[in-house]
Amino acid sequence: MISAEGRRGPGATLARGPKPPLILDNGKECPMLRTAFSRLKNTFRRFLLLLVAMPMLPIPLAADEGMWLFNNPPRKLLKEKYGFEPSDDWLLHLQQSAVRFNSGGSGSFVSPDGLVMTNHHVGADALHKMSTKDRDLVVTGYLARTQAEELPCVDLELNMLMSIEDVTERVNAAVKPGMSAAEAFQARRAVINTIEKESLEATGLRSDVITLYQGGLYHLYRFKKYTDIRLVFAPEQDIAFFGGDPDNFEFPRYDLDVCFFRVYEDGKPVRPKHYLTWSREGCRDGELIFVAGHPGRTARLNTVAHLEFLRDRSFPFLLNKLRRWEVLLDVYSERSAENRRRAKDLLFSVKNSRKARLGGLAGLQDPAIMQRKLNDEKALRQAAADDPQLKQSIGDPWAEVLAALRTWDELFLKHDLFERSTAVMCEHYLIARHLVRIAAEDQKPNAERLREYTEAGRESLLRDVLSEAPIYADLEQIRLADGLSFWAEQVGFRDELLRKALAGKSPRARAAELIAGTSVADVAFRKKLLEGGPEAINASTDPMIELARLLDAPSREVRKAYEEQVEEPLRQAYAKIASLKFKLYGTDLYPDATFTLRLSFGTVKGYTDQGRHIPPFTTIGGTFQWAAEHNFQPPYNLPESWMKNRERLDADVPFNFVSTADIIGGNSGSPVVNRRGEVVGLIFDGNLDSLVWDFVYSDETGRATSVDVRAIIESLKKVYKADELVAELFGQSSRGSGN
């Protein structure tokens with residue numbers, strides 16, 4: 001699944017705002033995996049053939065590449081290649097129909113009554129929080145036949161992008177010549193915090209300054225924020241994620257990965273000015289399509305040294321953590337059905353992350369990919385060397401990146417243990433640390449606060465901290481025990497800070513003591529500490545608050561070192577590389593993904609895999625055939641509702657399709673639209689060959705995978721009897737609020 005990591009998923013820190021999405025994993029090691037990665041390896045090697053014809057100066061774009069800014073769309077490229085030039089009105093309509101889920105993912109308004117469409121796996125975070133031992137909405141699905149039956153979500157926030165303002169000049173002006181890296185970081189943070197606060201006060205809109213081109217530009221994004229979100233429809237998990245891990249990142253696929261919510265304000269459904277209309281015809285092979293979504297993080301602009309650091313340091317370390325967590329959660333889940341339900345959402349995230357990161361690492365480990373990146377970098381460096389003025393203006397930013405990475409390597413473990421909270425990874429601790437830090441940061445001027453504690457982000461932060469989402473003590477205990485054990489493995493039991501944290505006990509015993517003794521799970525307790533401020537925090541004898549106080553100083557210390565010795569030098573170096581690219585190519589370049597709204601495009605198109613042609617569409621009938629080939633055994637068991645209505649369904653209706661649209665984690669739930677701006681599909685995944693798109697795009701075999709709107713309508717009508725919902729999608733009626 002090309003899904004985004006929830007804010008409380010693996011490695012989450014409950015930081016301000018939506019987390020940069022992590023591509024998720026839900027796979028186990030199996031024979032199919034070896035075959036899959038063999039295919040992936042062969043695909044990567046085909047990149048090598050491209051190098052022969054490459055010119056010395058790297059070509060900025062290839063094929064349908066690009067995650068484009070809505071204020072800098074690829075008009076020229078689209079006109080030259082497809083004879084289509086999007087108007088300002090077309091772009092604004094698509095921009096303000098799209099929404100971002102703070103749990104990680106994308107969506108869009110699809111009716112005048114505030115109906116929002118996204119993926120089932122994007123909505124799963126909300127479904128999980130609304131579920132109980134006796135009602136598992138993730139498994140059973142849900143349909144509200146009237147607005148009165150729509151279920152309120154817990155702590156879910158949707159953001160709609162209203163406007164973009166270039167604030168690069170103001171941000172850069174704050175960093176004066178001769179400033180040290182530490183001074184530059186502090187000055188930059190201060191002006192960004194100030195810009196966001198001023199914007200919030202002037203407009204009332206959520207205001208985020210987004211770093212683009214890794215420091216080349218700074219744009220102020222203003223979002224309309226929605227917080228009253230209610231569940232309308234979700235199918236059963238067995239059809240939403242049909243095929244499970246074996247089919248994940250594969251094609252053909254047969255998944256009804258869709259979910260509908262409704263947005264309310266003042267107790268009434270919102271009436272959005274912009275919403276997407278539904279296509280009755282769907283799309284055709286070869287048709288131009290567009291994707292409006294929020295891709296998470298890419299590293300396509302990274303230097304070769306930076307990619308090597310990811311390959312040799314970051315990815316292996318992350319994969320080892322994910323494997324560890326997967327075993328822990330698998331064992332916990334096997335103990336009971338209730339344990340399985342409690343851990344399901346987190347385990348899905350961990351497994352999917354592992355599989356996806358293995359695919360990304362395979363790309364970084366392929367010599368052809370790295371050679372292509374090296375050739376591009378050599379050509380860029382040569383272009384700078386050939387122009388004395390350019391060379392003098394930018395110096396050697398590649399050497400600056402390398403120097404910053406060497407420092408990062410020294411800080412890496414400590415930063416991961418404390419600031420990323422791997423050593424104490426559990427909900428209780430993450431909340432406790434926020435309570436401790438809010439009390440401290442509130443005493444500072446807004447300009448000097450840590451980014452996630454500024455006035456501009458306070459409302460969203462408090463929604464997280466005061467969330468009523470259930471927290472399960474037994475699951476928390478095993479997670480915390482594992483984190484403490486991991487910490488001990490990394491530093492040894494002689495470490496003074498570890499000894500203080502363990503308080504003379506084993507990791508398991510200490511975790512049990514902390515979870516049993518804390519009141520952090522009680523929202524009323526959190527509110528009381530927030531109201532009491534620093535005095536209440538410092539006087540608290542709650543063991544989890546005490547642990548958060550103990551670790552706050554070392555965590556802040558390593559964070560400060562990272563920000564001033566790694567983040568700021570990297571930002572300055574990449575800003576120089578970005579300026580070089582602007583001078584060589586102009587501004588017709590897209591920046592790396594930042595979990596903000598982007599426009600991608602491509603065509604509906606099959607591909608060839610090991611000599612076998614893969615058509616672009618699957619059908620509903622193929623779903624039953626695929627299930628029968630696997631004897632209807634999990635994960636190929638279809639829900640009872642589908643088996644019961646098999647004869648009513650049109651077997652020829654297209655179910656899933658693939659396209660060359662450039663997407664990545666975070667795009668899950670993005671609408672796929674045609675030239676008229678009508679919805680024809682819903683992004684939910686990519687194939688195995690698309691996993692390398694974190695670093696380099698190619699449409700040779702990489703594909704984005706979508707649910708076809710025709711399958712959504714067919715299943716809503718004939719399986720779920722959701723006629724009112726279908727009528728709303730086609731603009732024929734508005735759902736009543738019946739009793």
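None of these values were measured; they are calculated from a predicted model.
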Enquirer: Determine the minimum heavy-atom distance between N667 and P295, stating which atoms define it.
Expert: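 That would be OD1-CB, 3.3 Å.
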Enquirer: Just how far is it from atom CG of L461 to atom OG1 of T454, taken to the nearest 0.5 Å?
Expert: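 Interatomic distance, L461 CG to T454 OG1, rounded to 0.5 Å: 9.0 Å.
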Enquirer: Give the minimum heavy-atom separation between W68 and D588, together with the two atoms involved.
Expert: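 Looks like CH2-O, 3.8 Å.
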Enquirer: Between R406 and E410 (salt bridge meaning N to carboxylate O under 4.0 Å), is one present in this structure?
Expert: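 A salt bridge is absent here (no side-chain N lies under 4.0 Å from a carboxylate O).
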Enquirer: Taking the side chain as every heavy atom from C-beta outward, state whether L380 and W398 have any pair of such atoms under 4.5 Å apart.
Expert: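 Yes, their side chains come closer than 4.5 Å.
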Enquirer: Indicate yes or no: does E419 engage R433 in a salt bridge with an N to O separation below 4.0 Å.
Expert: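 Judged by the 4.0 Å cut-off on N to carboxylate O distance, E419 and R433 do form a salt bridge.
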Enquirer: Work out which heavy atom in F70 is nearest to a heavy atom in A292; give both atom names and the distance.
Expert: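 Result for this residue pair: CZ-CB, 4.1 Å.
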Enquirer: Looking only at side chains, do T422 and D416 share a donor and an acceptor under 3.5 Å apart?
Expert: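 Yes, a side-chain donor-acceptor pair sits under 3.5 Å.
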Enquirer: Using the side-chain contact (heavy atoms from CB on, under 4.5 Å) rule, take V99 and F101 through it: C-alpha gap first, then chi angles, then the decisive distance, then the call.
Expert: CA-CA 7 Å; V99 295; F101 279 68; 4.2 Å; yes
Enquirer: Locate the shortest heavy-atom distance separating G363 from I369; write the atom from each residue and the value.
Expert: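 Of all heavy-atom pairs spanning G363 and I369, the closest is O-CB, 3.4 Å.
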Enquirer: For E496, I'd like to know if atom CD has over 12 heavy atoms of other residues, nucleotides or ligands within 6.0 Å.
Expert: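 Counting other residues, nucleotides and ligands, CD of E496 stays at 12 neighbours or fewer.
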Enquirer: Would you check if the side chain of D482 reaches a backbone N or O of W325 as a donor-acceptor pair within less than 3.5 Å?
Expert: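 Pair absent, no side-chain N/O of D482 close to backbone of W325.
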Enquirer: Side chains of L301 and I577, heavy atoms from C-beta outward: is any pair under 4.5 Å?
Expert: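 No, their side chains stay 4.5 Å or more apart.
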Enquirer: Would R222 and E165 pass as an ion pair if we require N to O under 4.0 Å?
Expert: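 Looking at E165 together with R222, the answer is yes, because their closest N to O distance falls below 4.0 Å.
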Enquirer: Drop me the distance from M67's CE to D592's CG, to the nearest 0.5 angstrom.
Expert: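 Going from the CE atom of M67 to the CG atom of D592 covers 8.5 Å.
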Enquirer: D166 side chain to T168 main-chain N or O, any donor-acceptor pair under 3.5 Å?
Expert: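 Between the backbone of T168 and the side chain of D166 there is a qualifying donor-acceptor contact (under 3.5 Å).
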Enquirer: Test your reading of the model: is there a side-chain donor-acceptor pair from N193 to the backbone of N446, 3.5 Å cut-off?
Expert: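 Such a contact is found between N193 side chain and N446 backbone.
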Enquirer: Nearest 0.5 Å, please: how far is CG in L417 from CG in L484?
Expert: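 Going from CG on L484 over to CG on L417, the span is 10.5 Å.
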Enquirer: Enumerate the salt bridge (Lys or Arg N to Asp or Glu O under 4.0 Å) contacts for residues 307-317, please, sequence neighbours excluded, ordered by first and then second residue.
Expert: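 Salt bridge (Lys or Arg N to Asp or Glu O under 4.0 Å) check on residues 307-317 returns R313-D409.
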Enquirer: How long is the gap from CD on E568 to CE on M179, to the nearest 0.5 Å?
Expert: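 It comes to 10.0 Å.
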Enquirer: Looking at side-chain heavy atoms only, is the closest gap between H219 and V167 below 4.5 Å?
Expert: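 No. Closest side-chain heavy atoms not under 4.5 Å.
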Enquirer: Please evaluate residues V491 and K414 with respect to the criterion side-chain contact (heavy atoms from CB on, under 4.5 Å), reporting the C-alpha separation (whole Å), side-chain torsions for both, the decisive distance (0.1 Å), and the verdict.
Expert: CA-CA 9 Å; V491 303; K414 190 175 180 181; over 6 Å; no
Enquirer: Does K373 reach the main-chain N or O of L307 with its side chain, forming a donor-acceptor pair under 3.5 Å?
Expert: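 Here the side-chain-to-backbone pair does not exist.
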Enquirer: Are any of the side-chain heavy atoms of L205 and S199 separated by less than 4.5 Å?
Expert: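 Not touching, per the 4.5 Å side-chain cut-off.
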Enquirer: Specify the closest pair of heavy atoms between V171 and I192, including all atoms of both residues, with the distance to one decimal.
Expert: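 Nearest pair, atom of V171 first, then I192: CG2-CG1, 4.2 Å.
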Enquirer: Is there a donor-acceptor pair closer than 3.5 Å between any side-chain N or O of R598 and the backbone N or O of P591?
Expert: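 Present.
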Enquirer: Below 4.0 angstrom, N of the basic side chain to O of the carboxylate: do E452 and R559 qualify?
Expert: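 Yes, charged N to carboxylate O under 4.0 Å.
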Enquirer: Among side-chain atoms of D662 and S600, is any donor-acceptor pair under 3.5 angstrom?
Expert: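 Distance-only check fails for D662 and S600.
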Enquirer: In terms of relative ring orientation, are W487 and F418 parallel, tilted or perpendicular, with 30° and 60° separating the classes?
Expert: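 Rings of W487 and F418: perpendicular, over 60°.
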Enquirer: Assess the residue pair H434 and Y453 against the criterion (ring pair (Phe, Tyr, Trp, His ring centres under 6.0 Å)); give the C-alpha distance rounded to whole Å, side-chain angles, the decisive distance to 0.1 Å, and a yes or no.
Expert: CA-CA 9 Å; H434 267 304; Y453 299 99; 5.4 Å; yes
Enquirer: Do S555 and R437 get their side chains close enough for a donor-acceptor pair, meaning under 3.5 Å?
Expert: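 The criterion, which ignores hydrogens and geometry beyond distance, is satisfied for R437 and S555.
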Enquirer: Do the rings of Y697 and W693 sit parallel, tilted or perpendicular, given the 30° and 60° boundaries?
Expert: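 If you compare the ring of Y697 with that of W693, the planes turn out tilted.
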Enquirer: Decide side-chain contact (heavy atoms from CB on, under 4.5 Å) for R188 and Q572; before the verdict, give the C-alpha distance in whole Å, the side-chain angles of both, and the deciding distance to 0.1 Å.
Expert: CA-CA 11 Å; R188 198 185 311 276; Q572 293 186 17; 4.0 Å; yes
Enquirer: Give every residue pair that meets the salt bridge (Lys or Arg N to Asp or Glu O under 4.0 Å) criterion with at least one member in residues 385-400, sequence neighbours excluded.
Expert: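 Applying salt bridge (Lys or Arg N to Asp or Glu O under 4.0 Å) to every pair that reaches into residues 385-400, excluding sequence neighbours, yields R381-D396, E400-K576.
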Enquirer: How about Y574 and H306: do any of their side-chain heavy atoms sit closer than 4.5 Å?
Expert: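 Sidechains of H306 and Y574: in contact.
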Enquirer: Atom CG in D366, atom CZ in R372: separation rounded to 0.5 Å?
Expert: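 With rounding to 0.5 Å, CG (D366) is 12.0 Å from CZ (R372).
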Enquirer: Could you tell me whether the side chain of T194 reaches within less than 4.5 Å of the side chain of R170, counting heavy atoms only?
Expert: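 Yes; the side chains approach each other to less than 4.5 Å.
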Enquirer: Indicate whether any N or O donor in one side chain lies under 3.5 Å from an N or O acceptor in the other, for D699 and T660.
Expert: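 No donor-acceptor contact under 3.5 Å links the two side chains.
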Enquirer: Taking the basic N atoms (NZ, or NE/NH1/NH2) and the acidic carboxylate oxygens, is any pair closer than 4.0 Å for R463 and E459?
Expert: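 Answer for the salt bridge query: yes.
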Enquirer: Look at the aromatic rings of F595 and H294 and report parallel, tilted or perpendicular, splitting at 30° and 60°.
Expert: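 The arrangement is perpendicular - the two ring planes meet at more than 60°.
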Enquirer: Assess whether a salt bridge exists between D442 and R458, defined as any Lys/Arg side-chain N lying under 4.0 Å from an Asp/Glu carboxylate O.
Expert: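 Yes, this pair counts.
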Enquirer: Does a donor on one side chain sit under 3.5 Å from an acceptor on the other, for D495 and Q490?
Expert: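 No.
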Enquirer: Any salt bridge linking E563 with K560? Criterion: basic side-chain nitrogen under 4.0 Å from a carboxylate oxygen.
Expert: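 Not counted as a salt bridge, because no side-chain N and carboxylate O are separated by less than 4.0 Å.
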Enquirer: Does NZ or CZ of R324 come closer than 6.0 Å to the centre of the six-membered ring of F486, within 45° of the ring's axis?
Expert: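 No cation-pi geometry.
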Enquirer: Taking side chain as C-beta onward, heavy atoms only, is R357 less than 4.5 Å from D694?
Expert: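 In short, these two side chains touch, coming nearer than 4.5 Å.
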Enquirer: Show your working on side-chain contact (heavy atoms from CB on, under 4.5 Å) between R479 and E427 and close with a plain yes or no.
Expert: CA-CA 9 Å; R479 293 182 69 196; E427 301 281 347; 4.2 Å; yes
Enquirer: Using a 4.5 Å cut-off on heavy atoms from C-beta on, say whether the side chain of L450 contacts that of R556.
Expert: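 Yes, at least one pair of side-chain atoms sits under 4.5 Å.
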Enquirer: Looking at every heavy atom in both I663 and A704, which two are closest together, and how far apart are they?
Expert: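 Heavy atoms of I663 and A704 come nearest at CG1-CB, 3.4 Å.
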Enquirer: Is there a donor-acceptor pair closer than 3.5 Å between any side-chain N or O of E448 and the backbone N or O of P445?
Expert: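 A pair under 3.5 Å: no.
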Enquirer: Side chains of N320 and R323: donor-acceptor distance under 3.5 Å anywhere?
Expert: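 Yes, a side-chain donor-acceptor pair sits under 3.5 Å.
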Enquirer: Please confirm whether the backbone N or O of E441 pairs with a side-chain atom of R449, one donor and one acceptor, at under 3.5 Å?
Expert: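 At least one qualifying donor-acceptor pair exists.
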Enquirer: Taking the six-membered ring for Trp, are H415 and Y562 parallel (under 30°), tilted (30 to 60°) or perpendicular (over 60°)?
Expert: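 H415 and Y562: tilted rings.
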Enquirer: Tell me whether E198 at atom CD has more than 12 heavy atoms from other residues, nucleotides or ligands lying less than 6.0 Å away.
Expert: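 More than 12 heavy atoms, drawn from other residues, nucleotides or ligands, come within 6.0 Å of this atom.
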Enquirer: Roughly how far apart are L402 CG and T407 OG1, rounded to 0.5 Å?
Expert: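 Reported value, rounded in 0.5 Å steps: 10.0 Å.
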Enquirer: Given R451 and E196, is the salt bridge (charged side-chain N to carboxylate O under 4.0 Å, His left out) satisfied, shown in steps?
Expert: CA-CA 10 Å; R451 291 284 294 126; E196 291 176 343; 2.8 Å; yes
